[in-house]
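Worksheet for the structure shown next.
Chain letters run A, B, ... following the sequence lines, proteins first, then strands; residues in each count from 1. Please read all numbers here as calculations on a predicted model, not as lab measurements.
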Number of protein chains: 4
Amino acid sequence: MIVILKQNVESEKIDKLVGRFEDMGLSCHHSTGAHTTILGIIGDTSRVDIDAVRAIEIVEDVKRVSEPYKAVNRKFQPDDTIISVKTDGFESKLGGGFFGVIAGPCSVECEEQIVSVARRVKKSGATMLRGGAFKPRTSPYSFQGLHAEGLELLMTAKRETGLPIVSEIMDLSHFDLFRDVDVIQVGARNMQNFEMLKALGRSGKPILLKRGMANTIEEFLMSAEYIMSGGNDRIILCERGIRTFEPMTRNTLDISAVPVLKHQSHLPVVVDPSHAAGIPWLVEPLSKASISAGADGLMIEVHNNPSAALSDGAQSLTPAQFDGVMEKVKAQLLFEGKKLSS
Amino acid sequence: MIVILKQNVESEKIDKLVGRFEDMGLSCHHSTGAHTTILGIIGDTSRVDIDAVRAIEIVEDVKRVSEPYKAVNRKFQPDDTIISVKTDGFESKLGGGFFGVIAGPCSVECEEQIVSVARRVKKSGATMLRGGAFKPRTSPYSFQGLHAEGLELLMTAKRETGLPIVSEIMDLSHFDLFRDVDVIQVGARNMQNFEMLKALGRSGKPILLKRGMANTIEEFLMSAEYIMSGGNDRIILCERGIRTFEPMTRNTLDISAVPVLKHQSHLPVVVDPSHAAGIPWLVEPLSKASISAGADGLMIEVHNNPSAALSDGAQSLTPAQFDGVMEKVKAQLLFEGKKLSS
Amino acid sequence: MIVILKQNVESEKIDKLVGRFEDMGLSCHHSTGAHTTILGIIGDTSRVDIDAVRAIEIVEDVKRVSEPYKAVNRKFQPDDTIISVKTDGFESKLGGGFFGVIAGPCSVECEEQIVSVARRVKKSGATMLRGGAFKPRTSPYSFQGLHAEGLELLMTAKRETGLPIVSEIMDLSHFDLFRDVDVIQVGARNMQNFEMLKALGRSGKPILLKRGMANTIEEFLMSAEYIMSGGNDRIILCERGIRTFEPMTRNTLDISAVPVLKHQSHLPVVVDPSHAAGIPWLVEPLSKASISAGADGLMIEVHNNPSAALSDGAQSLTPAQFDGVMEKVKAQLLFEGKKLSS
Amino acid sequence: MIVILKQNVESEKIDKLVGRFEDMGLSCHHSTGAHTTILGIIGDTSRVDIDAVRAIEIVEDVKRVSEPYKAVNRKFQPDDTIISVKTDGFESKLGGGFFGVIAGPCSVECEEQIVSVARRVKKSGATMLRGGAFKPRTSPYSFQGLHAEGLELLMTAKRETGLPIVSEIMDLSHFDLFRDVDVIQVGARNMQNFEMLKALGRSGKPILLKRGMANTIEEFLMSAEYIMSGGNDRIILCERGIRTFEPMTRNTLDISAVPVLKHQSHLPVVVDPSHAAGIPWLVEPLSKASISAGADGLMIEVHNNPSAALSDGAQSLTPAQFDGVMEKVKAQLLFEGKKLSS
């Protein structure tokens, strides 16, 4: 961490500041020029509050040299984290060369729908089933999900197919309902719901953490750090598009985030091309691009009848379209030497 | 709502779609050209799920003509909503010509701090006291607030000064602790925490709802609609800057949002220049600009000793600086014919 | 400038780098920790190419401490620059307490139009006349302006009213046609047309430089630096909204840019609320907000018949609406102690 | 095009508006509800100025149904455009299954540099040589390129290797110097330099048009439309990253733009991963992702000695690194069934 001091500061004030850093177990190196004094702060600065330093009277500016995250940082854990999720007779792995495909409808609507979609996507090669029981909707007048009943229907689909279940939690008070959900999804709108992150950090459950639509990669990793610093290292990062000025796609898939996240962190990274684009025919090229960029998995919306879907039908694939995408995905995984986990 | 159909669609499919709208109590007007058929959907379309319509097989695109929000819409309630908050011997009003100034530290740190800041800002003309007991921090290693103890200290400051209290809630499980908080703040990161919005909609408490840093004005109003459709119409909207590419300020204050929100909705609008800019010397010009743009109030961070603040000190004013800003604010309110409420 | 070196670099490579900086007349201060070596580069670093330094093999990262602009920097010229433009019997000043209002149609369409608008806006208090002869249009099929004929019509309007003329140049090959134009406007799309900036820097003409819709404040000042380093210090900066995700307004007026630009530079700053918002009824609140934020002037589109305008009619005020806005502007200038120049 | 009228408009005003559209050869279909009247405008609306319509007194809003571009639209020319560039004994093709790789240094610095880089990249499989003679630099104090001398050095490199030359034009006055340049590049900052686009549209030269860093896909295609409507259909579109809030990469590569551009237009699309990311180690994953997303080519910066580059060295690959990337590119083109043109 580099602290740039204001001009002509009295030396005793500098000494006091240096003392403050030394009390935190850090060491300081001066660099004094004609006009500027710079302090180089050496040691573990991840616990230093950069805003608090910036507010100090004699400080002009502060710049970080090292990352503010530790537990999720690849520097301190070079090997890929592999997330393994098991159900009766089925193991789904993500990371470290294992590739996962999480597929299913935006919302669970009825038993017939979720079981039939589950069977279809499993046949096409999906390794986990997604389905929303609690749905974050912009409008209070839109369908909000089947709640507890939706989770029960997902359990039925798991029993029928063996596919592990991924479903989104919207409030901590629902946590007990997620007991048998295999992977708890934290949605983009909750990426900085810190109370939720802390609670999930104590839970031991695998977490699929989606990037907020206006959050930086550093903030994304800091949210993962919240979970991991609570003791839970079973975290899957999910890039799902960021908000930009471009209106042609719903969000802008930040494809560079995939290799950057893999470079900075040991956690596995999946991409959700359905939400990123909001357009069914973009799912295939974006899925392929994600594999090429180094993703460890995909999350794809599939609905038996998108026209009649109660939410987000516009971006869903039919099971037949999904099957076509999976043919391409399998061929490319073979080319890349990655293993579709099952 | 306008529905643009794909080319060469069979007429019976169109009839089926028209029937579906008519079943919802809406009427449809055709407009058929050589290549394009357009349906004009007339009636209350706020409950129509635009994504679901877009997913229908024969639909090319859908465009809304009227706003998706109703309760917060000025069209259906032309008069300004006035939010009144009373404590013993003190009434603070916001909206309809009454201007409010909410001031105080980012975090409550100790009794001496919060009481002395409360006294100072009251003397300068603040109409409510803000103070964080639960703090949303990007890093798990940063100070997270004093929690229940912080709220108790705020109550002490209220008893000492009469100022109503504004404090941020971060999770619904803490709701009971906010019993004596006068205005519950929903932070930018929770603007689309829909479960929280629904619960607050049932609470009857005044809510200060901050705009998410990457949320559109329409999404902001839809979040207010969540609260209001639950039966609670005591909502204060707060513009606090949006995320853009410009690095010189922490966020970009969307000043146009003030007149746009006032035009679209009857709810009062306050501006938080401290978080928008992140720079103390920008608070004065941005406060003045907000008044000129039609704001009903301001929310300003004030700390007795910004250098030693446990969070966000960099953007806080000292009480003396705040007093200087308030002199300008009072003069301008006089010029604008608005009343600093107390 | 701070240069952070990679870990475990051989000392002779560091010496070579230090030598390179010393050859440029700069001095270097080392700060060596257990893992990190930091170089503090002291002196005039505005001519150092930060990208070139970042590419050096042993360099991890580079951070600027001081601004890369000099001529436009208020640090080296504390007094406000005042731009004075004279015509027969008329002087228009901008900056240093003098406020200017530049009004007129987006495009010059015919003599009757431009002369009548010029008379109307002068009567309402405008201090310069704007009018486009060369129009940057997104579509090749839209009206592109009257070109030389348009500039001649502006000269007629100047003779009739005495108002100085502001008009946009789109290509250097047209420069001779702008001989009698009083202020040459560089549009947002040309803010980084560096060949044009260099040529205008040699011209001695007053320049109104618009901020590009996705350019940072630092890039904006660097473009002004191009003009000023060429010898021309008669530059007016114009904030006209930046591109963000918000669709309700055409662009997002970056109101904070006004006080930031005034703080960083001695050049006058005007705001164009017409292009920023794209909505006529927002011109009044945004004009008022701009004055409060410290602007030295406004640029407002006025058309005698917006419905029939050949370009951008949607955002133009009628002369009567403009007169109403000017009443408010004059009252507020009086309140602020600024002088509407004429 | 759909025109939504204001409420309670007199029918004769509507008739007048309808007449205006009919005079343009368009037909109008009414759709009148209790509160809203909608006009569906049928015909070739690409020449209708949407802003002018929006400004009409009785108009509430206007929405386009069909694209405003025609010449570049795939609807009217379904087959891929193939750009062929020939030099003595060498033909480079782009589009329609032919893949091109444009490689070389940001700036031409001296004969030895450009010739040696040209030889190295040709050996690795590049199909064209890029090199800047005129450089758009944010700072007037940075190296601006060798100008005419730089173009001559590029000709030397062409003679030595046979590789066609791609170089950026910054001002029309330099056009004659580009006589022997094979492909003229229009940089991101000039994407909406409409006078330049018009002139290049008359030139018959192949044009590589880069997307502006804050321009939408529609604006990008409209700029191509400017060139094509002037009679020049030899256009290569280049996605090079857009400006967002994410600071980890210089720009955000909009990977979705690749399939969207291919879907909307028949023109070939190349990706510039060097400028998009600004980080050498991201070039490989982003190049691979671009191929998977359907790109017709790549543009990659290669410098013999990035540490000593006079501009943008930080993002350049060494020839050896480029060779490594090309091994991956070739393998993937084989997998995708595309042909590296030469």
| field | Per-residue contact mode, B:Ala331 against chain C (heavy atom under 4.5 angstrom) | value | both
| remark: In short, B:Phe245 meets C:Arg211 closest at the heavy-atom pair CE1-NH2, 4.3 Å
| chain C contact via B:Thr216 - side chain, backbone, both or neither, heavy atoms under 4.5 Å | both
| request: For C:Gln332 and B:Phe335, work out which heavy atoms get closest and say how close. | output: CA-CZ, 3.7 Å
| query | Is chain B contacted by the side chain of C:Ser256, its backbone, both, or neither, given a heavy-atom distance below 4.5 Å? | reply | both
| message | I'd like to verify something: which residue of B:Met248, B:His263, B:Arg243 has the highest number of heavy-atom pairs under 4.5 Å with chain C? | response | B:His263
| task | Measure the spacing between CG of C:Asp254 and CG of B:Asp254 and express it to the nearest 0.5 Å. | result | 10.0 Å
| Between B:Ala293 and chain C, which part of the residue has a heavy atom less than 4.5 Å away: side chain, backbone, both or neither? | both
| said: Does C:Lys330 have more than 12 heavy atoms from other residues, nucleotides or ligands lying within 6.0 Å of its NZ? | reply: yes
| Toward chain C, the part of B:Ala257 with a non-hydrogen atom under 4.5 Å | neither
| query | Relative to chain B, which segment of C:Thr249 carries a heavy atom at a distance below 4.5 Å: side chain, backbone, both, or neither? | reply | side chain
| said: Report which part of B:Leu253 has an atom under 4.5 Å of a heavy atom belonging to chain C: side chain, backbone, both, or neither. | reply: both
| query | What part of B:Leu282 is in contact with chain C, defined as an atom under 4.5 angstrom from a non-hydrogen atom: side chain, backbone, both or neither? | reply | side chain
| message | Which atoms of C:Ala214 are under 4.5 Å from chain B, going by heavy atoms: the side chain, the backbone, both sets, or neither? | response | both
| request: Examine whether an atom of B:Ile242 lies under 4.5 Å from a heavy atom of chain C, and if so say whether it belongs to the side chain, the backbone or both; otherwise answer neither. | output: side chain
| So what's closer than 4.5 Å to chain B heavy atoms on C:Ile217: side chain, backbone, both or neither? | both
| note | Note: vs chain B, highest number of non-hydrogen pairs under 4.5 angstrom among C:Glu246, C:Glu336, C:Glu219, C:Lys328 is C:Glu246
